[in-house]
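The structure under discussion appears below in the form of structure tokens.
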Amino acid sequence: MSDKNHATVAVTGVTGALGSRIAARLAGHGVPQLLGGRSPDRVPELPGARRRGPAAYADAADMRRALDGASTLILVSGHRTGRRLEEHATAVEAAIAVGVGRVLYVSLVSATQCSGRASTRRRLRPSPTSNLS
């Protein structure tokens with residue numbers, strides 16, 4: 001991967017096991033990043049990355065601020081809160097609102113229809129008014 005001309009990638013859940021590994025791997029390849037998490041003090045400091053937060057999935061305004069400037073979002077599925085579906089929808093809508101062009105949704109292990117995976121995927125489908133493809 002070239003160190004030049006990378007689009008900025010926003011990574012959520014960077015204080016967790018998977019999100020932190022994704023962010024570290026991208027940093028190792030020189031990819032510019034926006035790192036988001038609910039607890040800004042726990043967001044790692046990585047080369048080429050800007051820390052953003054707080055960025056809870058349920059807070060549309062915080063998510064828009066955290067994602068502003070990103071061309072791609074890596075949305076790591078959140079903890080079970082009883083509102084995960086709504087929280088992921090809010091994050092996707094915030095991404096669309098600030099012009100994110102691509103969303104990579106990292107789902108759950110053994111995801112099922114009732115886990116909300118299918119509903120989140122429907123939100124990601126392109127619509128005539130979205131810029132997601």
Side-chain angles (χ1 to χ4, degrees):
M1 204 180 257
S2 167
D3 287 341
K4 296 193 254 181
N5 300 324
H6 285 299
T8 300
V9 176
V11 183
T12 66
V14 298
T15 61
L18 181 58
S20 64
R21 288 184 178 121
I22 291 169
R25 191 71 174 249
L26 291 172
H29 286 286
V31 176
Q33 297 179 77
L34 304 175
L35 305 179
R38 291 177 306 221
S39 303
D41 56 321
R42 293 183 48 220
V43 173
E45 291 190 32
L46 295 171
R50 289 177 281 162
R51 297 165 68 193
R52 298 275 176 98
Y57 293 143
D59 190 318
D62 280 352
M63 287 303 298
R64 284 191 301 272
R65 280 189 292 277
L67 302 176
D68 190 32
S71 60
T72 300
L73 166 61
I74 299 177
L75 177 61
V76 178
S77 186
H79 290 289
R80 292 184 183 178
T81 63
R83 295 184 30 92
R84 186 180 352 209
L85 176 59
E86 294 88 357
E87 291 172 356
H88 289 176
T90 299
V92 169
E93 290 165 3
I96 292 168
V98 298
V100 171
R102 291 182 182 86
V103 175
L104 171 64
Y105 176 62
V106 182
S107 188
L108 307 166
V109 173
S110 301
T112 64
Q113 292 294 87
C114 63
S115 70
R117 178 185 66 82
S119 183
T120 301
R121 289 182 54 133
R122 280 192 297 277
R123 289 237 184 237
L124 295 174
R125 288 201 179 110
S127 72
T129 59
S130 80
N131 65 347
L132 293 176
S133 57

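Just so it is clear, the values below take in all heavy atoms, side chains as well, and ignore hydrogens, waters and symmetry mates. For this chain, numbers begin at 1 and follow the sequence in order.
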Hydrophobic cluster identity match, [X] and [Y], side-chain contacts under 4.5 Å:
| X | Y | answer |
| --- | --- | --- |
| V103 | V14 | yes |
| V100 | I74 | yes |
| L73 | V92 | yes |
| L46 | L18 | yes |

Ignoring hydrogens, what is the shortest heavy-atom contact between [X] and [Y]? Give both atom names and the distance.
| X | Y | value |
| --- | --- | --- |
| R38 | P54 | O-CB, 3.5 Å |
| S20 | A17 | OG-O, 3.1 Å |
| M63 | A94 | CB-CB, 3.6 Å |

For the residue pair L75 and Y57, establish whether any side-chain heavy-atom pair is separated by less than 4.5 Å. yes
request  = Taking the side chain as every heavy atom from C-beta outward, state whether L104 and V9 have any pair of such atoms under 4.5 Å apart.
outcome  = no
| said: Is it the case that the side chain of Q33 and the backbone of A23 share a donor-acceptor pair, with hydrogens and angles ignored and the cut-off at 3.5 Å? | reply: yes
*Spell out, as yes or no, whether a donor-acceptor pair under 3.5 Å connects the side chain of S71 to the backbone of T8.*
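Yes; at least one donor-acceptor contact below 3.5 Å.
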Here the gap from I22 atom CD1 to L35 atom CG, rounded to the nearest 0.5 Å, amounts to 11.5 Å
OG1 of T72 to CG of L67, rounded to nearest 0.5 Å, is 11.5 Å
Practice task
For residues 42-54, pull every pair meeting salt bridge (charged side-chain N to carboxylate O under 4.0 Å, His left out), keeping only residues two or more places apart or in separate chains.
Solution key: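 Non-adjacent pairs meeting salt bridge (charged side-chain N to carboxylate O under 4.0 Å, His left out): E45-R51.
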Residues R65, D62: salt bridge by 4.0 Å N-O rule
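Yes.
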Inset, instruction - List the steps and the verdict of side chain to side chain contact (heavy atoms under 4.5 Å, CB included) for V43 and T15. - result: CA-CA 6 Å; V43 173; T15 61; 4.3 Å; yes
